[in-house]
Amino acid sequence: MLRIQQLKMKIPHTEQELREKILRTLRIRPDDLLRYEIVRQSLDARGDELKYVYIVDAEVKKEAAILRKHPKQVGKAQHIRYQFPKSGTERLAHRPVIIGTGPAGLFCGLALARAGYAPILLERGQDAESRARTVETFWKLGLLDPQSNVQFGEGGAGTFSDGKLNTLVKDTSGRNRKVLEIFVEAGAPEEILYVQKPHLGTDLLRDIVTHIRKEILNLGGEVYFETQATGLELEGGRIKGVRIRRGDAKKEEYLEAEQVVLAIGHSARDTFQMLHDLGVPMEAKSFAVGVRMEHPQELVNKSRYGEHYPECLPAASYKVTRKTESGRGVYSFCMCPGGYVVNASSEPGHLAVNGMSYHARSGRNANSAMIVTVTPEDFGEGGVLAGVEFQRRLESAAFRTGEGKIPVQLFGDFCKDQPTSVLGEVEPCMKGDYRLSSVREIFPSELSAALEEGIRGCGSLIRGFDRPDAVLSGVESRTSSPVRILRGENMESGIRGLYPCGEGAGYAGGITSAAMDGLKIAEAIAKRYAPWYD
């Protein structure tokens with residue numbers, strides 16, 4: 001196949017117009033184009049006229065002759081095809097156990113199930129459908145289930161997010177493309193394979209993770225919901241089994257396992273403590289904290305697309321970053337066009353927020369986290385788990401400030417260090433009750449000052465970004481894991497047979513990178529062991 005670069009098209013355009021552009025670019029007749037596929041679609045917002053820019057692969061007659069005519073814009077298509085490794089020969093004494101059914105756990109489980117390893121997946125929360133009802137009840141009535149919430153349950157924290165699928169991970173193995181293909185197989189729209197910034201939305205994600213789970217079950221795997229891993233049994237420096245508790249049962253059960261994948265997510269604080277007590281090698285790591293900031297989506301659209309933009313364009317996104325005089329970086333994170341701020345708490349007496357969008361991104365506000373990096377030097381004493389306690393202190397302050405509701409403050413009042421009593425033109429779009437109060441007092445003074453300076457500076461990047469009535473809410477504290485569970489080149493922890501995996505273990509930063517890490521762990525197990533069904 002041939003790869004055509006820099007195909008520029010007007011907005012909007014038809015599929016036939018794109019086909020005709022390909023024919024004109026290659027200077028061939030319609031019958032000479034056998035088929036084509038879009039590799040990438042991006043938006044060029046430079047200049048006065050918005051354009052779509054495509055990379056297209058085309059299968060044509062007389063390929064060699066066309067290549068000689070187009071040495072710059074046209075070349076041979078290069079495809080990286082994902083290959084799951086050939087299975088090893090060591091026999092499994094017991095089936096692999098995966099703790100957690102976020103993207104890392106689900107994709108690890110699916111890859112192993114497809115290869116005949118019949119994994120067992122443990123999830124402390126509920127299945128996606130039941131979990132959605134539980135979360136809606138929490139948002140409406142404030143009744144928190146510490147085991148099944150925005151953080152815990154089938155699909156992980158990403159299930160209640162914007163569902164972004166872009167990643168900065170360099171992919172030379174084809175894992176990134178494979179993850180996207182699996183999502184499409186599970187019901188995602190095919191456009192995620194080529195759009196510049198693919199996303200799914202919380203509504204599509206719930207059905208997709210359910211589809212993946214059902215395939216795992218059909219292939220001989222098992223998934224146990226409302227089942228928490230409460231402990232690990234070790235012997236001679238290797239894993240021997242997992243202690244579990246189902247639902248409200250007081251008695252623990254024991255599950256023998258010599259291969260255990262820790263896909264626990266970034267909020268499994270009790271599990272971090274259990275692993276630390278067992279001596280599993282881990283270290284504190286930097287992460288970021290801050291606020292959710294809401295603007296009218298129309299403000300962002302006009303900044304990105306211009307005053308008179310085509311209505312067919314999707315809700316616009318942004319990415320901003322500033323460095324403060326003190327040297328701290330302040331930047332946007334997990335931007336949700338047309339989205340909602342959600343109460344993402346998972347512990348009683350503590351409050352955290354996150355951002356979420358539906359696939360249509362049709363909400364009136366845009367929101368993103370505006371965050372500042374914190375390091376182990378900021379956490380104070382507490383050793384490896386000091387970052388966890390730092391998060392808890394902020395979340396406890398947010399809960400008190402909002403009296404159990406999401407605390408909200410206008411940016412102008414944040415700068416004046418005075419509580420908000422009246423909203424401006426920007427009305428919050430939130431899942432969960434909110435209370436006008438003072439978000440600034442949640443943070444240590446140096447972090448509040450950095451956020452104020454950083455947000456003010458972003459006003460030079462997006463006109464109106466620093467408007468006084470922009471809505472701030474807090475606290476955004478679960479941006480990434482506060483620890484890294486160490487692993488070697490064979491993907492195992494210092495405890496043999498224990499495989500730290502995904503975002504909670506400190507090796508991913510989003511849905512796609514976590515899913516890719518899940519595939520990587522499945523590959524490591526498969527290279528060594530023969531399938532269970534062999």
Side-chain angles (χ1 to χ4, degrees), residues 95-113 117 119-128 130-131 145-161 179 205-206 208-210 212-213 216-217 221-232 239 242-246 255 257 259-275 280 282 344 346 388 478 480-485 487 491 493 495 497-522 524-525:
R95 295 153 67 181
V97 171
I98 300 168
I99 303 174
T101 63
L106 279 177
F107 275 75
C108 182
L110 180 63
L112 289 176
Y117 290 85
I120 298 172
L121 282 69
L122 308 177
E123 172 55 58
R124 70 197 297 168
Q126 297 168 308
D127 64 271
S130 301
R131 179 190 182 198
D145 183 342
Q147 298 298 334
S148 193
N149 44 61
V150 171
Q151 306 297 341
F152 301 135
E154 186 175 30
T159 303
F160 294 94
S161 73
V179 167
L205 270 167
R206 297 174 196 179
I208 287 168
V209 299
T210 299
I212 293 173
R213 180 240 303 168
I216 292 172
L217 295 175
E222 296 182 43
V223 183
Y224 300 149
F225 292 110
E226 299 181 68
T227 301
Q228 183 176 358
T230 55
L232 302 177
I239 190 79
V242 183
R243 295 196 305 276
I244 62 175
R245 180 178 291 113
R246 300 177 189 265
L255 193 62
Q259 294 79 39
V260 175
V261 179
L262 289 173
I264 56 179
H266 58 38
S267 295
R269 294 165 173 173
D270 48 2
T271 308
F272 291 149
Q273 184 67 59
M274 179 267 287
L275 295 171
V280 174
M282 54 201 304
S346 62
V388 173
R478 311 285 183 94
S480 65
S481 180
V483 301
R484 178 172 288 108
I485 307 172
R487 69 187 188 194
M491 301 293 117
S493 161
I495 307 298
L498 191 63
Y499 296 86
C501 178
E503 190 164 347
Y507 297 96
I511 292 172
T512 301
S513 60
M516 291 168 64
D517 202 54
L519 293 182
K520 190 183 296 185
I521 296 299
I525 293 172

Trace of the side chain to side chain contact (heavy atoms under 4.5 Å, CB included) decision for I525 with V261: CA-CA 10 Å; I525 293 172; V261 179; 3.8 Å; yes
Residues R124, Q147; criterion side-chain hydrogen bond (donor to acceptor under 3.5 Å, both in side chains); working and verdict: CA-CA 6 Å; R124 70 197 297 168; Q147 298 298 334; 3.1 Å; yes
From CA spacing to verdict: side-chain hydrogen bond (donor to acceptor under 3.5 Å, both in side chains), Q151, S346: CA-CA 6 Å; Q151 306 297 341; S346 62; 5.6 Å; no
Test log, rule side chain to side chain contact (heavy atoms under 4.5 Å, CB included), inputs T101 and D127: CA-CA 9 Å; T101 63; D127 64 271; over 6 Å; no
Residues I485, L498; criterion side chain to side chain contact (heavy atoms under 4.5 Å, CB included); working and verdict: CA-CA 10 Å; I485 307 172; L498 191 63; 5.9 Å; no
Audit row: Q259, Y499, side chain to side chain contact (heavy atoms under 4.5 Å, CB included) steps and yes/no: CA-CA 8 Å; Q259 294 79 39; Y499 296 86; 4.2 Å; yes
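Of all heavy-atom pairs between G155 and V209, the closest is CA-CG1, 3.9 Å. Considering every non-hydrogen atom in both V388 and P482, the closest pair reads CG2-CG, 3.6 Å. Counting all heavy atoms, side chain and backbone alike, T210 lies closest to A128 at OG1-CB, 3.7 Å. Considering every non-hydrogen atom in both P500 and Y507, the closest pair reads CB-CE1, 4.3 Å. Taking both residues in full, the closest heavy atoms of D517 and R487 are given as OD1-NH2, 2.8 Å, listed atom of the first, atom of the second, then distance. Taking each heavy atom of G105 and L121 in turn, the nearest pair found is O-CD2, 3.9 Å.
Expressed to the nearest 0.5 Å, how far SG of C501 lies from CD1 of I521 amounts to 5.0 Å. Note that CE of M274 and CZ of R243 are 7.5 Å apart. Values are rounded to the nearest 0.5 Å. Atom CG of L255 is separated from atom CD1 of I120 by 5.0 Å, given to the nearest 0.5 angstrom.
Under the side chain to side chain donor-acceptor pair (under 3.5 Å) criterion, R246 pairs with E253, sequence neighbours left out. Shown here are the salt bridge (Lys or Arg N to Asp or Glu O under 4.0 Å) partners of E154, two or more places apart in sequence or in another chain: R213. With sequence neighbours left out, the side chain to side chain donor-acceptor pair (under 3.5 Å) criterion links S148 to Q126.
In this structure, the side chain of T271 does not engage the main chain of R269 through any donor-acceptor pair within 3.5 Å. Remark: side-chain polar atoms of R131 are paired, donor with acceptor, to backbone N or O of V150 under 3.5 angstrom. The main-chain N or O of A508 is never found under 3.5 Å from a side-chain atom of E503 such that the two would form a donor-acceptor pair. Side-chain atoms of S481 come within 3.5 Å of backbone atoms of G504 as a donor-acceptor pair (strictly under, hydrogens ignored).
Side-chain contact check for I264 versus F272: some heavy-atom pair is nearer than 4.5 Å. The side-chain heavy atoms of I495 and L232, taken from C-beta on, include no pair separated by under 4.5 Å. I511 places a side-chain heavy atom less than 4.5 Å from the side chain of S161. With contacts defined as side-chain heavy-atom distances shorter than 4.5 Å, the pair L275/V483 does not qualify.
In this model, no donor atom of one side chain and acceptor atom of the other lie less than 3.5 Å apart for R245 and T230.
With L106 as the fixed residue, the side chain to side chain contact (heavy atoms under 4.5 Å, CB included) test singles out one of V223, I208, I216: I216.
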